[in-house]
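Numbering starts at 1 and runs along the sequence shown.
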Amino acid sequence: MPDTIYFDNAATTRVSDEVFEAMTPFLKEAYGNPSSVYRAAREAKNAVEKAREQVAAAIGAKPAEIFFTGSGTEASNWAIISAAESYRGKGNHIITSNFEHHAVLNTCKYLEKHGFEVTYLPVDKFGLISLEDLKNAIRPETILISIMYANNEIGTVQSVAEIGAVAGANDIIFHTDAVQAVGHLPVNVVKDCIDMLSLSAHKIHGPKGVGALYVRSGVKLPSFIHGGSQEKGRRAGTENVAGIVGLGVAAQLAAEKMEEEMKEVRRLRDKILDGILKTVPDSQINGHREKRLPGNVSVSFDYVEGESILLMLDMKGIAASSGSACTSGSLNPSHVLMALGMPHEKAHGSLRVSVGRYNTEEEADKLIAEIGPIVQKLRDMSPLSGR
Ligand code: PLP
């Protein structure tokens, strides 16, 4: 997308040159099946194991605790369904929040149809769950707590280590969807008391269609895809070798560059956030100002539709995202913004700008300069605005 100013890094990211270069030999030269016995196959097998080490190191895990998947979504499905199956003997109660990604929410809904009870904890106006609510929701039959590390829409970062400590003290498995956090925050499964964690390559300049599930040794993990003996017989199917290699390199690079890179990403984020709030009247920040992903700008504007802002930004060559999801022709406000207690009209007027590794000062300046006139133009056309 050479002519696009890309501010949608929470949706997906550009594959970095280093990742691309690391992947290509496994498509063109060392394309052997890792389960075969000859040299080209051994090379592929070794590359998968190296990637396992790289992913493990990026989150403070052991390589044997990493299982590759086809996406972050698959990792969360696997974590939640396997915990439900494995610990059913102890109970049938799961705790999550009402503003998780659909990968978690819809898996919990699926389990509700199969005899599980799910408590959906509310969040406050910043998107934070309360530890008191969490403790009060725990029952003797609670087997799993699944709370996301950082929210993809509004960027709120939970107090994960404290949630993990509550889960551990009550002998309950703690899973976290860390798809937006890994590579952006110093995630450490040991310090954060995490039993299971989902991550995805394409949010950290790796390829799409590959993710990983971390499972602490000692936690039960039944097979999710039945067939061959790949991934210790737990997830059958010939490995996506190039994708896995890409994930490994992306995870390593993100971990190595994190401190320096996130300082710059955070600076651009704050510049955009302050620039918008200062230049656009009746605009508000969504989420928490400090407990926030380094690259997340989420704001809502009164009297306008987020979708219209996106279309006008697109005409200016800027790609961003709104908090709304357009489902089969009807525009539903995002469940995340509704969970914050936002009225419908406000939730419809939301914009998410997600800053990443390749964004520049000039791009931030251009975005700030365009937003004000766009919002004003839309308000001028809106019968609701009164401005
Ligand atoms: N969880 C969160 C918080 C996400 O932001 C996303 C992607 O948007 C996912 C899960 C899904 O990841 P994947 O696209 O790898 O399935």
What pair of heavy atoms forms the shortest contact from [X] to [Y], and how long is it?
{"X": "Ala30", "Y": "Phe26", "result": "O-CD2, 3.6 Å"}
{"X": "Leu313", "Y": "Ala320", "result": "CD1-CB, 4.2 Å"}
{"X": "Leu340", "Y": "Gly287", "result": "CD1-N, 4.5 Å"}
{"X": "Glu85", "Y": "Pro222", "result": "OE1-CG, 3.7 Å"}
{"X": "Ala212", "Y": "Thr69", "result": "N-OG1, 3.4 Å"}
{"X": "Val179", "Y": "Gly72", "result": "CG2-CA, 4.0 Å"}

Could you check whether any side-chain N or O of [X] sits under 3.5 Å from a backbone N or O of [Y], counting only pairs where one atom can act as donor and the other as acceptor?
{"X": "Asn77", "Y": "Thr73", "result": "yes"}
{"X": "Ser200", "Y": "Lys203", "result": "no"}
{"X": "Arg269", "Y": "Glu264", "result": "no"}
{"X": "Ser97", "Y": "Phe99", "result": "yes"}
{"X": "Ser86", "Y": "Ala83", "result": "no"}
{"X": "Tyr6", "Y": "Asp8", "result": "yes"}
{"X": "Ser322", "Y": "Gly306", "result": "no"}
{"X": "Asn359", "Y": "Gly356", "result": "yes"}
{"X": "Gln158", "Y": "Ile129", "result": "yes"}
{"X": "Thr176", "Y": "Ile147", "result": "yes"}

Does atom [atom1] of [X] have more than 12 heavy-atom neighbours, drawn from other residues, nucleotides or ligands, at distances under 6.0 Å?
{"X": "Lys208", "atom1": "NZ", "value": "yes"}
{"X": "Phe20", "atom1": "CZ", "value": "no"}
{"X": "Lys191", "atom1": "NZ", "value": "no"}
{"X": "Lys271", "atom1": "NZ", "value": "yes"}
{"X": "Lys109", "atom1": "NZ", "value": "yes"}
{"X": "Tyr31", "atom1": "OH", "value": "no"}
{"X": "Lys263", "atom1": "NZ", "value": "no"}

Which word best sums up how the rings of Trp78 and Phe224 line up, parallel for under 30°, tilted for 30 to 60°, or perpendicular for over 60°?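 Because their plane-to-plane angle is under 30°, the rings of Trp78 and Phe224 count as parallel.
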Would you indicate whether the side-chain heavy atoms of [Y] and [X] approach each other to under 4.5 Å?
{"X": "Ile204", "Y": "Thr13", "value": "no"}
{"X": "Ile272", "Y": "Val355", "value": "yes"}
{"X": "Ile371", "Y": "Val280", "value": "yes"}
{"X": "Val353", "Y": "Ile318", "value": "no"}
{"X": "Glu153", "Y": "Leu337", "value": "yes"}
{"X": "Pro207", "Y": "Val19", "value": "yes"}
{"X": "Val166", "Y": "Glu162", "value": "no"}
{"X": "Ser82", "Y": "Met196", "value": "yes"}

Are [X] and [Y] ion-paired here, with the side-chain N under 4.0 Å from a carboxylate O?
{"X": "Glu361", "Y": "Arg267", "value": "yes"}
{"X": "Arg139", "Y": "Glu117", "value": "yes"}
{"X": "Glu370", "Y": "Lys366", "value": "yes"}
{"X": "Glu49", "Y": "Arg52", "value": "yes"}
{"X": "Lys135", "Y": "Glu132", "value": "yes"}
{"X": "Arg289", "Y": "Asp270", "value": "yes"}

Step-by-step side chain to side chain contact (heavy atoms under 4.5 Å, CB included) determination, Arg352 to Asn152: CA-CA 9 Å; Arg352 180 187 73 183; Asn152 45 307; 4.3 Å; yes
Apply the test side chain to side chain contact (heavy atoms under 4.5 Å, CB included) to residues Leu197 and Val182: give CA-CA distance (whole Å), side-chain angles for both, the deciding distance (0.1 Å), then the verdict. CA-CA 10 Å; Leu197 173 147; Val182 168; 4.2 Å; yes
Kindly indicate, with the supporting measurements, whether the criterion side chain to side chain donor-acceptor pair (under 3.5 Å) is fulfilled by Asn286 and Ser350. CA-CA 8 Å; Asn286 301 326; Ser350 270; 3.2 Å; yes
Distance-only side-chain donor-acceptor flag, [X] / [Y], under 3.5 Å:
{"X": "Glu74", "Y": "Ser71", "answer": "no"}
{"X": "Thr12", "Y": "His202", "answer": "yes"}
{"X": "Asp177", "Y": "Ser146", "answer": "no"}
{"X": "Tyr149", "Y": "Asp192", "answer": "yes"}
{"X": "Asn9", "Y": "Ser354", "answer": "no"}
{"X": "His205", "Y": "Ser16", "answer": "no"}

Is [Y] reachable from [X] through a run of hydrophobic residues whose side-chain heavy atoms are each under 4.5 Å from the next?
{"X": "Val104", "Y": "Ile81", "result": "yes"}
{"X": "Val160", "Y": "Ile173", "result": "no"}
{"X": "Ile80", "Y": "Phe67", "result": "yes"}

Should Phe301 and Leu351 be marked as a side chain to side chain contact (heavy atoms under 4.5 Å, CB included) after you check the CA-CA gap, both sets of side-chain angles, and the distance that decides it? CA-CA 8 Å; Phe301 305 102; Leu351 175 74; 3.9 Å; yes
Relative to [Y], does [X] satisfy both conditions: NZ or CZ under 6.0 angstrom from the six-membered ring centre, and within 45 degrees of the ring's axis?
{"X": "Lys346", "Y": "Tyr303", "result": "no"}
{"X": "Arg292", "Y": "Phe126", "result": "no"}
{"X": "Arg235", "Y": "Phe68", "result": "no"}

Suppose we screen for side chain to side chain donor-acceptor pair (under 3.5 Å). Which residues come up paired with Gln180, at least two apart in sequence or across chains?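 Listed in chain order: nothing, the list is empty.
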For Glu256 and Leu253, what are the C-alpha separation, side-chain angles and deciding distance, and is it a side chain to side chain contact (heavy atoms under 4.5 Å, CB included)? CA-CA 5 Å; Glu256 278 168 11; Leu253 282 176; 4.2 Å; yes
About how many Å separate CG of Leu213 and CD of Glu231, when rounded to the nearest 0.5 Å?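 Reported to 0.5 Å precision, the distance equals 10.0 Å.
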What is the distance from atom CD of Glu307 to atom OG of Ser321, rounded to the nearest 0.5 Å?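 Those atoms lie 8.0 Å apart.
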Intermediate values then yes/no, salt bridge (Lys or Arg N to Asp or Glu O under 4.0 Å), Glu65 and Lys62: CA-CA 5 Å; Glu65 297 172 321; Lys62 298 183 205 108; 3.6 Å; yes
